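Just so it is clear, the model here is predicted, and its values are computed rather than measured. Values reported hereafter were calculated over all heavy atoms of this structure, with side chains retained and with hydrogens, waters and symmetry mates removed. Naming: A, B, ... by sequence-line order, numbering from 1 per chain.
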Amino acid sequence: MLTAPKSSVAKKETGVVKRKAILLDVDYRIKDEKTVVRLLMKGKRLFRLYDYYEPYFYVDAPKSAEKEIMAVKAIGRDRQVSPTRCERVKMNVLGVEKEIWKVFCERPYDVPHVSAAIAAMKHPCYENNIPFGRRYLIDRDLTPFMKIIYEREGKFIKRIIAKKDAAVQLRTMAYDIETYNPKGMPRPDKDEIIMISYEFGGKRFVLTSKKIDRDFVVYCKDEREMIKKFLEAIKENDVEVLLGYNDTVFDLPYLKARADVNGIDFSIGRDGSSFRVRRQGIRDVAEITGRIHIDLYPLVRFMGFIGAFKISKYTLENAYEELTGKKKLMVVKLEIWKMWDDPKLAPLLADYSRFDSVATMEIGNVLLPSQIEMSRVTRLPLFDTANATAGQLVESLLMHKSAQYKTIIPNKPDDAMAQERELGPIKGAFVKLPQPGIYENMVVFDFRGLYPSIITAHNIDPFTLNPPASVPDSDCYISPNGHRFKKTPRGLIPTVLEEILQVRGALKTQLKKIEKDTPEYEMLFARQQSLKILANSYYGYLAYPRSRWYSRDCGESVTAWGRHFIQDTIDKGEKTGFNVLYGDTDSIFLLMGKKSKDDAMQFMKKINAELPGDMELELEGFYPRGVFVTKKNAEGAGAKKKYALIGEDGRIKIRGFELVRRDWSAVAKNTQRGVLEAILKHGSKEMAVKVVKDMIVRLKEGKVPLEELTIYTQMKKDPRKYDIKSPEVSAAQKGIAAGMQIEKGSMIGYVITKTGKTISEKAYVVEMAKDYDPNYYIDNQILPSVLKILKELGYSEDDLKFKGEQKGLEQFF
DNA sequence: TAATTCGCTAGACCGA
DNA sequence: TCGGTCTAGCGAA
């Protein structure tokens with residue numbers, strides 16, 4: 001099955017040895033005009049295994065087209081290229097079983113050129129843009145982090161005997177650099193690196209060219225020696241995973257530039273090579289040969305983006321605090337170069353430097369277990385997983401499964417097609433309008449994994465959709481909007497989803513047997529969390545315009561069924577005698593009234609008895625008290641996606657309120673929290689009012705530190721490309737004028753000061769702010785965030801009209 | 001050229 | 001000076 005090179009085939013049979021090792025990564029090289037795949041394996045140490053493998057793609061063309069195909073000549077990367085050979089294969093092509101051509105090329109990068117030439121002859125081409133390393137893993141059915149038992153001959157794989165799940169411990173190093181920066185931004189051609197810190201195997205070091213009295217400091221005579229020692233540490237420790245924080249953009253290029261200045265090779269790769277920066281989607285990734293380089297900064301941002309966790313700002317210190325729950329090391333707020341130049345402060349700088357790599361390592365400890373699990377599940381190597389988009393994660397597993405079923409992987413849509421798909425958005429979920437008020441005794445149910453379970457329960461897939469009229473309705477699931485999905489055979493997407501849900505189910509069972517707050521529990525929890533994220537992404541992928549498996553009808557059907565089930569459950573709740581207060585997508589909030597918990601559970605049971613497939617309504621919890629507020633500018637109507645509940649255990653669950661938003665100041669958020677706690681925990685409106693009053697007094701006295709007044713907003717666009725000069729844009733522009741580095745994606749922290757007329761004029765980035773405008777914070781931050789809640793405590797509309805007038809305020813309190 | 005849609009809110013902007 | 005509309009960001013699910 002595996003092609004060995006001619007030379008090794010000729011060797012004696014005794015040259016074949018049985019071995020086992022764990023697969024970490026894959027790439028390829030061209031050797032003697034042939035493509036050879038290189039597998040990065042972990043045995044006692046890391047090593048490479050080789051395998052010759054031919055690149056190919058598919059052409060949907062009749063048998064008679066063979067000569068035409070073989071005659072194709074295209075201009076490749078550096079020479080004229082043609083197919084090397086082709087063969088007839090049987091495949092399922094977009095739902096139809098047929099014979100098509102499998103066309104081989106010499107090198108992977110010939111494939112796009114040859115296939116483009118064939119596509120120009122009006123023969124559809126498929127699987128012509130799959131990265132070759134992944135092509136190999138798909139065809140060999142290999143999974144990263146699996147232990148592979150194989151026979152080898154020299155450096156080449158002869159035969160794979162078995163594959164097993166394996167625990168893996170990776171040799172991980174985290175690092176960080178400090179640079180001398182008297183001019184603000186350090187200049188790589190002039191400003192030296194003054195410290196390199198790293199952590200490996202529980203030990204922490206700071207390499208530096210100053211003699212500093214700290215036991216973790218390693219003195220180097222100059223920058224050159226510092227860089228050399230760092231590279232040696234990587235090499236000697238045989239580092240497998242290198243962690244940095246924003247190091248693709250800063251540390252790595254800086255180290256390389258300084259290595260150049262010092263006349264040394266920046267040989268960070270296992271083979272002595274430097275790193276390579278590659279554009280992936282909208283961000284750059286840095287690859288290091290033979291090691292897995294992970295920049296945690298884009299990963300943290302990605303996890304925040306998809307909702308795995310919430311982080312207010314993405315600095316290393318903040319990510320560390322919010323992900324680990326630990327406190328950051330406080331340092332004297334002084335520029336790094338000043339600390340370096342001051343003999344008294346240099347040791348503190350060393351502490352600070354050391355902390356940065358410790359923080360990086362700890363963030364890695366939090367994120368890596370779920371990344372490794374994600375890699376196993378999606379079959380994308382760890383490096384690719386850590387840099388993948390949600391679409392790529394979903395797609396990867398589908399591509400593997402598709403190949404196993406001898407089914408062509410659908411092509412990505414071209415731009416025109418993607419744009420067309422973007423035109424009419426798919427109707428989404430149902431949200432019930434709540435009646436504002438303070439309520440007692442509620443029960444909340446939600447559908448466990450609503451969209452995934454709808455997909456598996458109704459076999460929703462682009463290729464089970466709309467079977468021919470000869471398939472009777474009784475053999476189909478028919479969505480509320482009339483689309484038919486045949487019941488058998490199972491579609492690819494439902495099959496894959498089921499597998500994910502099954503693995504997650506097993507993990508959750510395992511979790512129940514493990515003590516909470518142990519490292520093992522945390523790790524397994526992270527794993528099941530990543531599976532949940534993955535499962536929940538499948539619906540989004542179906543509706544994603546650039547998806548290979550896009551289907552408007554499928555997407556519409558998922559949400560239509562979603563609306564159907566939630567509304568049906570609401571109706572049944574009402575009929576059973578519950579007052580249904582609220583519901584959003586997959587959840588319903590019932591007022592218990594005179595009903596018992598037992599009645600509630602009976603209701604849930606009854607609903608579950610009628611649900612298809614793996615769909616299930618779960619108890620989310622009982623809540624003794626909850627607050628729903630009115631919507632602004634909508635007389636008396638309730639606000640959706642905004643509520644606060646207190647559980648039986650006293651824990652408060654808050655959704656949508658300003659207090660959970662990062663674009664509100666801490667003073668407003670803390671005040672709102674105080675008010676909600678007063679109501680929910682203590683049922684005391686006096687206490688609620690006091691919280692507000694106290695904060696207003698503090699603000700007026702001018703005693704509130706700027707930290708509590710800072711409003712954070714992300715610049716989602718290039719700072720110059722805004723139509724409107726909003727406060728954050730205005731603050732950013734002033735920052736840029738003062739020499740700050742602010743670009744697309746930057747988080748702007750600004751304060752409303754006393755200088756200027758409009759709010760935007762008054763907005764200054766926190767670093768530049770000297771004072772604050774108490775009236776703004778009282779009228780535009782504190783009051784709007786608490787008035788709607790106080791109103792539910794019985795303060796009439798008229799009482800609240802004083803807004804902005806200090807006289808009225810005094811009256812109120 | 002980051003999976004989806006639904007929903008709230010602020011502050012700028014614009015014309016009466 | 002006002003009220004309506006639009007841009008923009010963020011959160012819920």
Student: Phosphate oxygens OP1/OP2 of dC10(C): is one of them under 4.0 Å from a side-chain N or O of Lys716(A)?
Tutor: yes
Student: Does dT5(B) have its OP1 or OP2 closer than 4.0 Å to a side-chain nitrogen or oxygen of Thr585(A)?
Tutor: no
Student: Regarding dA13(C), can its base be found pairing with the side chain of Arg655(A) as donor and acceptor, where the two atoms are less than 3.5 Å apart?
Tutor: no
Student: Closer than 4.0 Å, any side-chain N/O of Lys788(A) to the OP1 or OP2 of dT9(B)?
Tutor: yes
Student: Got Ser402(A) and Leu398(A) here, is their nearest side-chain heavy-atom distance under 4.5 Å?
Tutor: no
Student: Using a heavy-atom cut-off of 4.0 Å across all strands, would you classify Pro545(A) as base, sugar-phosphate, or nothing?
Tutor: sugar-phosphate
Student: Spell out, as yes or no, whether a donor-acceptor pair under 3.5 Å connects the side chain of His564(A) to the backbone of Ala560(A).
Tutor: no
Student: Remember a base hit wins even if backbone is also touched, and classify Phe657(A) as base, sugar-phosphate or nothing at under 4.0 Å, heavy atoms.
Tutor: nothing
Student: Within the pair Tyr541(A) and dA3(B), is there a side-chain N or O less than 4.0 Å away from OP1 or OP2?
Tutor: no
Student: Does Leu542(A) reach a base, just sugar-phosphate, or nothing at all? Heavy atoms under 4.0 Å.
Tutor: nothing
Student: Would you indicate what Tyr722(A) reaches in the nucleic acid, counting non-hydrogen atoms under 4.0 angstrom: base, sugar-phosphate, or nothing?
Tutor: sugar-phosphate
Student: At less than 4.0 Å, is any side-chain N or O atom of Tyr643(A) found next to OP1 or OP2 of dA13(C)? Yes or no.
Tutor: yes
Student: Does Tyr776(A) reach a base, just sugar-phosphate, or nothing at all? Heavy atoms under 4.0 Å.
Tutor: sugar-phosphate
Student: Using a 4.0 Å heavy-atom cut-off, does Arg283(A) contact any base of the nucleic acid, only the sugar-phosphate backbone, or nothing at all?
Tutor: base
Student: Measuring to OP1 and OP2 of dA8(C), would you say a side-chain N or O of Lys717(A) lies under 4.0 angstrom away?
Tutor: yes
Student: Measure distances between side-chain N and O atoms of Arg661(A) and base N and O atoms of dC10(C), and say whether any donor-acceptor pair falls under 3.5 Å.
Tutor: yes
Student: Does Gln392(A) reach a base, just sugar-phosphate, or nothing at all? Heavy atoms under 4.0 Å.
Tutor: nothing
Student: Heavy atoms only, 4.0 Å cut-off, all strands: where does Lys642(A) land among base, sugar-phosphate and nothing?
Tutor: sugar-phosphate
Student: Distance check: side-chain N/O of Tyr544(A) vs OP1/OP2 of dA2(B), anything under 4.0 Å?
Tutor: yes
Student: Would you say Lys640(A) places a side-chain N or O within less than 4.0 Å of OP1 or OP2 belonging to dG7(B)?
Tutor: yes
Student: Just call it for Gly540(A): base, sugar-phosphate, or nothing, with non-hydrogen atoms closer than 4.0 Å on any strand.
Tutor: base
Student: Starting the side chain at C-beta, find the nucleotide from dC6(B), dG9(C), dA3(B) nearest to Ile306(A).
Tutor: dA3(B)
Student: Do Lys432(A) and Tyr582(A) form a cation-pi contact, if we require the NZ or CZ to be under 6.0 Å from the six-membered ring centre and within 45 degrees of the ring's axis?
Tutor: no
Student: Give the minimum heavy-atom separation between Thr385(A) and Leu380(A), together with the two atoms involved.
Tutor: OG1-O, 2.8 Å
Student: Taking the side chain from Ser730(A) and the backbone from Ser760(A), do they hold a donor-acceptor pair closer than 3.5 Å?
Tutor: yes
Student: With sugar-phosphate meaning primed atoms plus P, OP1 and OP2, does Trp549(A) contact a base, only sugar-phosphate, or nothing at under 4.0 Å between heavy atoms?
Tutor: nothing
Student: What's Ser760(A) touching, base or sugar-phosphate or nothing? Going by heavy atoms closer than 4.0 Å.
Tutor: sugar-phosphate
Student: Quickly, which of Glu728(A), Arg662(A), Met747(A) forms a side-chain contact (heavy atoms from CB on, under 4.5 Å) with Thr713(A)? Name it, please.
Tutor: Glu728(A)
Student: Does dG9(C) have OP1 or OP2 sitting under 4.0 Å from an N or O in the side chain of Thr713(A)?
Tutor: no
Student: Can you tell me, in whole Å, how much space there is between the C1' of dA3(B) and that of dA12(C)?
Tutor: 15 Å
